[in-house]
Number of protein chains: 2
Amino acid sequence: MMARQRTDSKVTEDFGGLRMTKQRQVVYDVLTDLGSTHPTASEVYVTAKERMPTISLATVYNCLETLTGAGAIKQVNIDREASRYCPNLQPHAHFFCTGCNKVFDIGLESDADATSVWSLPEGCRLEEMHVAMRGICGICDRCSQCCAESGQS
Amino acid sequence: MMARQRTDSKVTEDFGGLRMTKQRQVVYDVLTDLGSTHPTASEVYVTAKERMPTISLATVYNCLETLTGAGAIKQVNIDREASRYCPNLQPHAHFFCTGCNKVFDIGLESDADATSVWSLPEGCRLEEMHVAMRGICGICDRCSQCCAESGQS
DNA sequence: AGATATTTTTAGAATAGTTCTTGATCTAAA
DNA sequence: TTTAGATCAAGAACTATTCTAAAAATATCT
């Protein structure tokens with residue numbers, strides 16, 4: 001699935017013949033390094049600029065779009081807030097906690113199919129599905145019970 | 001659940017003690033009259049202005065926000081495109097057809113539970129869930145087979 | 001009813017995230 | 001090494017939405 005190429009330190013992945021420029025590699029690495037924080041384009045930009053001071057915000061946007069198009073990363077939208085980006089390619093939903101403002105990946109129950117609960121009209125070809133949830137995460141919920149404060153991050 | 005009030009022609013609904021001003025009534029009526037087209041704020045504005053020429057776009061935004069907050073209508077977001085609004089209060093998903101650019105309501109299979117397929121961490125309080133799908137609707141799919149054209153609306 | 005307070009509306013300015021434009025730079029191919 | 005195409009950088013432009021301030025409408029209180 002992923003071909004290796006020569007690089008000094010990092011595994012460079014080949015996503016569908018995408019030319020992996022230095023900028024794209026930095027953006028991709030930042031995204032995987034930020035792990036599950038689901039950063040926005042601006043947040044990616046801040047960290048990318050530390051590693052490559054000449055990179056521009058427009059380039060970060062370009063790279064994120066290109067990587068998304070190539071299927072290397074996913075774009076996550078919660079309402080109309082700034083898009084976030086996510087390196088998790090497994091099928092999953094996103095839980096947005098209104099207490100701490102964090103986004104969590106939510107996996108499928110084992111051998112569950114997210115589409116099967118929906119009554120799709122005959123002939124529909126489903127190509128993508130985005131599931132966004134809002135609520136209070138377990139940490140914030142527990143915190144609000146014991147200290148009666150909103151668990152700000 | 002919904003108290004009736006005197007009006008000339010239309011049923012005026014009382015959503016959680018919301019003051020139903022003329023503007024809010026017009027916006028709400030436009031939304032139900034546009035049926036399942038899932039109009040944007042601007043599209044609501046165009047039709048609302050025909051019925052009440054003095055109404056402003058800001059008021060349409062205000063009314064849509066107020067009605068959404070009162071639970072009278074739902075806001076629908078597909079990626080970061082302009083928000084659409086929907087008078088269907090039943091739990092349902094939205095299918096966005098990339099062929100004809102239309103949005104369809106997708107109901108749940110009978111006695112299915114959309115949340116049960118997701119493995120929510122213990123202690124999470126889920127308050128809202130939005131399911132957005134992209135693909136080709138049955139009409140566009142059939143059309144592309146017989147006439148080899150993208151079924152533009 | 002009349003006076004006062006509160007809410008809502010209007011119009012336009014402001015904002016934020018994103019996209020576009022243009023010229024420079026890089027890369028791949030011939 | 002020349003040429004063509006892709007990518008990058010910087011800043012301008014765009015668009016959906018929110019904010020602001022003043023006017024209008026509505027509710028509340030004597």
Side-chain angles (χ1 to χ4, degrees), chain A residues 5-7 12 14-30 38-46 48-70 72-85 96 101 103, chain B residues 5-7 12 14-30 38-46 48-49 51-70 72-86 96 101 103:
Chain A
Q5 299 178 344
R6 284 176 300 111
T7 39
T12 303
D14 173 32
F15 290 105
L18 189 69
R19 187 195 295 177
M20 195 47 103
T21 64
K22 281 181 185 160
Q23 286 85 350
R24 287 176 187 165
Q25 187 68 55
V26 166
V27 167
Y28 180 74
D29 289 347
V30 166
H38 300 85
T40 63
S42 303
E43 289 164 350
V44 170
Y45 174 59
V46 168
K49 207 165 175 64
E50 291 170 5
R51 304 186 186 181
M52 180 186 265
T54 59
I55 203 169
S56 73
L57 179 58
T59 296
V60 170
Y61 271 104
N62 285 340
C63 292
L64 289 169
E65 188 189 5
T66 307
L67 290 165
T68 303
I73 64 176
K74 280 186 177 175
Q75 192 184 48
V76 179
N77 293 295
I78 308 271
D79 296 347
R80 274 186 53 87
E81 287 167 22
S83 288
R84 295 165 178 275
Y85 296 86
F96 181 80
N101 274 18
V103 178
Chain B
Q5 298 179 344
R6 285 176 300 110
T7 39
T12 303
D14 172 33
F15 290 105
L18 189 69
R19 188 194 294 178
M20 196 45 105
T21 63
K22 281 181 186 162
Q23 286 85 350
R24 286 175 187 165
Q25 187 68 55
V26 166
V27 166
Y28 181 72
D29 289 346
V30 165
H38 299 84
T40 63
S42 302
E43 288 165 350
V44 170
Y45 175 59
V46 168
K49 208 166 173 64
R51 304 187 187 180
M52 181 186 265
T54 59
I55 203 170
S56 73
L57 179 57
T59 297
V60 170
Y61 271 102
N62 285 341
C63 292
L64 289 169
E65 187 188 5
T66 307
L67 290 165
T68 303
I73 64 176
K74 280 186 178 175
Q75 192 184 45
V76 178
N77 292 295
I78 309 270
D79 297 346
R80 273 188 50 89
E81 287 167 22
S83 288
R84 295 165 178 275
Y85 296 86
C86 170
F96 181 79
N101 274 18
V103 177

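Here is the naming used below: chain letters follow the sequence lines, and residue numbers restart at 1 for every chain.
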Report task. Indicate yes or no for a side-chain donor-acceptor contact from B:E43 to the backbone of B:T40 under 3.5 Å, with no hydrogens or angles considered. Result -> yes
Query raised in the report: From the list D:dT7, C:dT10, C:dT9, which nucleotide is the closest neighbour of the side chain of A:R24?
Result: D:dT7
Requested in this report: Without swapping roles, check the side chain of A:R80 against the backbone of B:E81 for a donor-acceptor pair under 3.5 Å.
Outcome: yes
**Report entry** Nucleotide D:dA25, atom C1' - distance to CD of B:Q25 in whole Å
**Finding:** 17 Å
**Report entry** Whole-Å distance separating the CG atom of B:N62 from the P atom of D:dT20
**Finding:** 13 Å
Query raised in the report: When the nearest nucleotide of DNA chain D is assigned to B:L57 and to A:I55 on a heavy-atom basis, which residue is associated with the more 5' position?
Result: A:I55
Query - Position toward the 5' end of DNA chain C (nearest nucleotide), B:C63 or B:R80 - result: B:C63
Requested in this report: State, with a plain yes or no, whether a side-chain heavy atom of A:V60 is found less than 4.5 Å away from one of A:V30.
Outcome: no
Report task. Using whole Å, report how far CZ of A:R84 lies from C1' of C:dG17. Result -> 13 Å
Query raised in the report: Between A:N77 (CG) and C:dT18 (P), how many Å, whole number?
Result: 8 Å
Query raised in the report: If you look at every strand shown and take non-hydrogen atoms under 4.0 Å, does B:T21 touch a base, only sugar-phosphate, or nothing?
Result: sugar-phosphate
Report task. Side chain of A:R19 only, please: which of D:dT17, C:dT10, C:dT27 is the nearest? Result -> C:dT27
Query raised in the report: How is B:S83 classified with respect to the nucleic acid when contacts are heavy atoms under 4.0 Å: base, sugar-phosphate, or nothing?
Result: sugar-phosphate
Query - Nearest listed nucleotide, side chain of A:A82, among D:dT17, C:dG17, D:dA10 - result: C:dG17
Query - Main-chain N/O of B:L67 paired with B:R24 side-chain donor or acceptor, under 3.5 Å - result: no
Requested in this report: Round to the nearest Å and state the distance from B:Y61 atom OH to C:dA13 atom P.
Outcome: 17 Å
Report summary line: Side-chain atoms of B:Q23 come closest, of D:dC8, C:dT9, C:dG12, to C:dT9
Requested in this report: Give a yes/no on whether any side-chain N or O of A:S56 is located under 4.0 angstrom from OP1 or OP2 of D:dA9.
Outcome: yes
Query raised in the report: With sequence neighbours left out, what residues match A:T59 under side-chain hydrogen bond (donor to acceptor under 3.5 Å, both in side chains)?
Result: A:S56
Requested in this report: Rounded to the nearest angstrom, tell me the gap between atom CG in A:D79 and atom C1' in D:dT18.
Outcome: 15 Å
Requested in this report: Considering just the side-chain nitrogens and oxygens of A:T54, establish if one lies under 4.0 Å of OP1 or OP2 belonging to D:dA9.
Outcome: yes
**Report entry** Euclidean distance, atom NZ of residue B:K22 to atom P of C:dT8 [Å, nearest integer]
**Finding:** 16 Å
**Report entry** Value in whole Å for how far the C1' atom of D:dT7 lies from CD of A:E65
**Finding:** 13 Å
